[in-house]
> 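A single structure is presented below for examination.
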Amino acid sequence: MVFKKVFASMGMGGASVDTVLNEPNVVPGGVVQGEVRIEGGSVDQEIQSVSVGLQAKVEVETDDGETKRNIDFGQLRLGGAFQLHEGAAHVVPFSLEVPWETPITAFLGQHLAGMQIGVTTELAIARAVDTTDLDPVTVHPLPAQQALLQSFGELGFRFKAADLEQGHIRGTRQTLPFYQEIEFHAPQQYRGLREVELSFVADSREMDVVLEMDKKPGVFTSGGDSFRAFQMDLVNYPQTDWTAYLNQWLSEVGGKRNWL
């Protein structure tokens, strides 16, 4: 028995955890439901806590350059401590709220390259190695976000990549420690633009939309970035022709090369 306890403290023969999601497809502001299934190991163990949350792989700037780290957000603790007996099974159901700022990972049925979001589960075990589990989820856009993405497609923009950056977009309602950038190649009609990066920062009522436009250099200019931001009402957004709205903004910045 002593050896079993030692092995369990090292993560061998101890409790195991498996999280099963009812539905892996979600939207920002929605709910992920499922259950945490815990199996007892070869000895009795004290489970200090069970928690679930969301995890994203985020680009982080360091002194050595850029690296990617897993950042947890939206954590939820499920109940208190309990004793898990040898070989016993314990099931904990949960409903995890998805923050409104959660990055989207798919659009029109296609995964956005570079996006990794999942439900993470942690089993805190007294005097032993904690056990974790990660289950991928697919985050689909809100209707307002989908309307803007479709407008970019109608204007001829082509998806390039998406990433998550650690940091804060000034002047927005952002609360998470990171934000999403969706990058597009600019079409020929916007001759002064190379690329456009799109960021959404939503809450339950409105959404900040931030555009970072990479301008081509001219004869006497070095190009550079131009920023624009506006708000969308998540309910009344259909009242605006967003394709025309975006075209007006983008034409002002990239309708022609900056020769002077």
Side-chain angles (χ1 to χ4, degrees), residues 27-29 59 100-115 139-174 176 178-260:
V27 295
E59 292 185 1
W100 288 92
E101 295 175 43
T102 301
I104 65 174
T105 66
F107 178 60
L108 297 178
Q110 299 296 316
H111 177 75
L112 297 184
M115 292 296 96
V139 186
H140 299 272
L142 294 166
Q145 294 171 336
Q146 182 166 316
L148 275 186
L149 292 170
Q150 288 177 332
S151 291
F152 269 95
E154 291 171 5
L155 292 172
F157 285 83
R158 293 180 294 110
F159 173 76
K160 176 185 176 184
D163 60 14
L164 302 180
E165 299 277 352
Q166 186 180 48
H168 191 275
I169 304 176
R170 288 185 301 172
T172 68
R173 66 198 75 211
Q174 183 183 342
L176 294 182
F178 58 86
Y179 58 90
Q180 182 178 37
E181 290 182 336
I182 303 173
E183 303 175 20
F184 296 94
H185 293 290
Q188 184 63 34
Q189 70 208 54
Y190 304 105
R191 296 185 300 277
L193 294 180
R194 279 199 185 99
E195 299 173 355
V196 174
E197 295 178 350
L198 170 66
S199 296
F200 299 122
V201 185
D203 61 20
S204 61
R205 298 175 294 105
E206 292 182 320
M207 177 172 65
D208 297 317
V209 180
V210 181
L211 302 180
E212 180 179 349
M213 291 160 279
D214 182 11
K215 300 170 67 176
K216 294 179 181 178
V219 176
F220 302 109
T221 62
S222 59
D225 294 335
S226 179
F227 295 85
R228 296 288 178 92
F230 58 90
Q231 285 75 46
M232 288 182 71
D233 187 295
L234 295 184
V235 175
N236 298 318
Y237 74 91
Q239 298 176 9
T240 299
D241 182 343
W242 293 104
T243 302
Y245 186 82
L246 287 173
N247 180 60
Q248 179 180 353
W249 274 36
L250 294 167
S251 295
E252 291 175 2
V253 177
K256 59 183 179 180
R257 294 285 291 273
N258 298 316
W259 299 112
L260 299 174

> Please give me the minimum heavy-atom distance between Asp241 and Ala244, naming the atom from each residue.
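Scanning both residues, the minimum pair turns out to be OD1-N, 3.1 Å.
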> Looking only at heavy atoms, what is the nearest atom pair of Ala106 and Pro141, with distance?
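The answer is O-CD, 3.2 Å.
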> Could you pull out the closest heavy-atom pair between Val196 and Met213, with the gap in Å?
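For Val196 and Met213, the tightest heavy-atom pair comes out as CG2-CG, 3.8 Å.
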> Check Glu101 against Ala202 and note the closest heavy-atom contact, atom names and distance.
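Of all heavy-atom pairs spanning Glu101 and Ala202, the closest is CG-O, 3.5 Å.
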> I need the Leu198 CG to Phe152 CZ distance, nearest 0.5 Å.
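Rounded to the nearest 0.5 Å, the CG-CZ separation comes out at 5.0 Å.
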> If every non-hydrogen atom of Pro28 is compared with every non-hydrogen atom of Leu142, which pair is closest and at what distance?
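For Pro28 and Leu142, the tightest heavy-atom pair comes out as O-CD2, 3.3 Å.
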> Enter the distance from Gln145:CD to Ile104:CD1 here, rounded to the nearest 0.5 Å.
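Between atom CD of Gln145 and atom CD1 of Ile104 there are 5.5 Å.
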> Could I get the full list of side-chain contact (heavy atoms from CB on, under 4.5 Å) partners for Pro187, not counting sequence neighbours?
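Only Phe157, Gln189, Tyr190 meet the side-chain contact (heavy atoms from CB on, under 4.5 Å) criterion with Pro187.
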> How many angstroms lie between atom NE2 of His140 and atom OG1 of Thr105, to the nearest 0.5 angstrom?
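Reported value, rounded in 0.5 Å steps: 6.5 Å.
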> Between the side chains of Glu181 and Ser199, is a donor N or O closer than 3.5 angstrom to an acceptor N or O?
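Glu181 vs Ser199: no donor-acceptor pair found between side chains.
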> Charged N to carboxylate O under 4.0 angstrom, Glu212 versus Arg228?
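No, no charged N to carboxylate O under 4.0 Å.
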> Could you state the interatomic distance from CG (Leu234) to CE (Met207), rounded to the nearest 0.5 Å?
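Result: 6.0 Å between the selected atoms.
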> Please give me the minimum heavy-atom distance between Gln174 and Gly167, naming the atom from each residue.
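Minimum heavy-atom contact is NE2-O, 2.8 Å.
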> Verify whether the ring centers belonging to Phe230 and Tyr245 lie closer than 6.0 Å.
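Close enough - the centres of the two rings lie under 6.0 Å apart.
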> Indicate yes or no for a side-chain donor-acceptor contact from Thr172 to the backbone of Ile169 under 3.5 Å, with no hydrogens or angles considered.
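Side chain of Thr172 to backbone of Ile169, a donor-acceptor pair under 3.5 Å: yes, one is there.
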> Between the main-chain N or O of Arg205 and the side-chain N or O of Trp100, is there a donor-acceptor pair closer than 3.5 Å?
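Absent.
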> Measuring from Glu165:CD to Phe178:CZ, what's the distance to the nearest 0.5 Å?
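Between Glu165 CD and Phe178 CZ, I get 12.0 Å after rounding to 0.5 Å.
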